[in-house]
Chemist: 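Let me begin by handing over the structure; questions about it come next.
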Amino acid sequence: MRASATEVIGVMRSTSQLASQVDKACLNLTEATVLRPWLGTNFPATVVRGDPKRDKARIFVPEPPVFAHSVGSPETGSETTVSLVTADTDTREVLFAWPAD
């Protein structure tokens, strides 16, 4: 009985990870699809995490609501403007740039 429980827990863990990956892929595709018509547009954003060493940041755009990566490294916690430079539905990638054009 104990071996069965261990096996079930392992299966549950792997299916949970797979479900999480599918959820993330669906969200990324939706974000790229929604943002695609706005390539080149500037958006207000909040910098969740700036990384000056790697010249990138994690940002939050409130409208439409999306967490995304940005090239450039504005200060963590700052309010700024970013430009949408990539919204690729094939790769499910969204990328902004700072400073905005």
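The structure presented is a predicted model; accordingly, all values stated were derived computationally and were not measured.
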Chemist: So, taking the atom named OG1 in Thr86 and the one named CZ in Arg36, what distance separates them when rounded to the nearest 0.5 Å?
Modeler: 11.0 Å
Chemist: So does Cys26 get a backbone contact from the side chain of Thr30, meaning a donor-acceptor N/O pair under 3.5 Å?
Modeler: yes
Chemist: If you look at every heavy atom in Val82 and Trp98, which pair is closest and at what distance?
Modeler: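 Looking at all heavy atoms of both residues, the closest pair is CG1-CB, 4.1 Å.
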Chemist: Tell me whether Phe67 shares a hydrophobic cluster with Val94, the cluster being built from Ile, Leu, Val, Met, Phe, Trp, Tyr side chains joined at under 4.5 Å.
Modeler: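 Unlinked, Phe67 and Val94 end up in two clusters.
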Chemist: From Ser73 OG over to Lys56 NZ, what is the distance, rounded to the nearest 0.5 angstrom?
Modeler: 11.5 Å
Chemist: Group every Ile, Leu, Val, Met, Phe, Trp and Tyr by side-chain heavy-atom contacts under 4.5 Å, then state whether Val61 and Trp38 land in the same group.
Modeler: yes
Chemist: Would one find more than 12 heavy atoms of other residues, nucleotides or ligands at under 6.0 Å from atom CZ of Arg49?
Modeler: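 Atom CZ in Arg49 is not crowded, with 12 or fewer foreign heavy atoms closer than 6.0 Å.
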Chemist: Indicate the atoms forming the closest heavy-atom contact of Ala97 with Val85, along with that distance.
Modeler: CB-CG1, 3.7 Å
Chemist: Roughly how far, to the nearest 0.5 Å, is OG1 of Thr33 from CZ of Arg92?
Modeler: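 If I round to the nearest 0.5 Å, the distance is 10.5 Å.
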Chemist: Near Asp101 CG, under 6.0 Å, is it more than 12 heavy atoms from other residues, nucleotides or ligands?
Modeler: no
Chemist: May I ask you to decide if the ring planes of Phe43 and Phe96 are parallel, tilted or perpendicular, using 30° and 60° as cut-offs?
Modeler: perpendicular
Chemist: If you compare all heavy atoms of Asn42 against all heavy atoms of Ser83, which two are closest, and at what distance to 0.1 Å?
Modeler: OD1-OG, 2.6 Å
Chemist: I need the minimum non-hydrogen distance between Leu84 and Leu95, along with the two atoms involved.
Modeler: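 Where Leu84 meets Leu95 most closely, the heavy atoms are CD1-O, 3.6 Å.
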Chemist: Assess the residue pair Asn28 and Glu31 against the criterion (side chain to side chain contact (heavy atoms under 4.5 Å, CB included)); give the C-alpha distance rounded to whole Å, side-chain angles, the decisive distance to 0.1 Å, and a yes or no.
Modeler: CA-CA 5 Å; Asn28 291 346; Glu31 290 172 344; 3.9 Å; yes
Chemist: Hey, could you give me the OG/CD1 distance between Ser78 and Ile59, rounded to the nearest 0.5 Å?
Modeler: 10.5 Å
Chemist: Nearest 0.5 Å, what's the CG-CG distance between Leu39 and Asp88?
Modeler: 9.5 Å
Chemist: Over all heavy atoms of both residues, which pair between Gly50 and Ala57 is shortest? Give the atoms and the distance, please.
Modeler: CA-CB, 4.0 Å
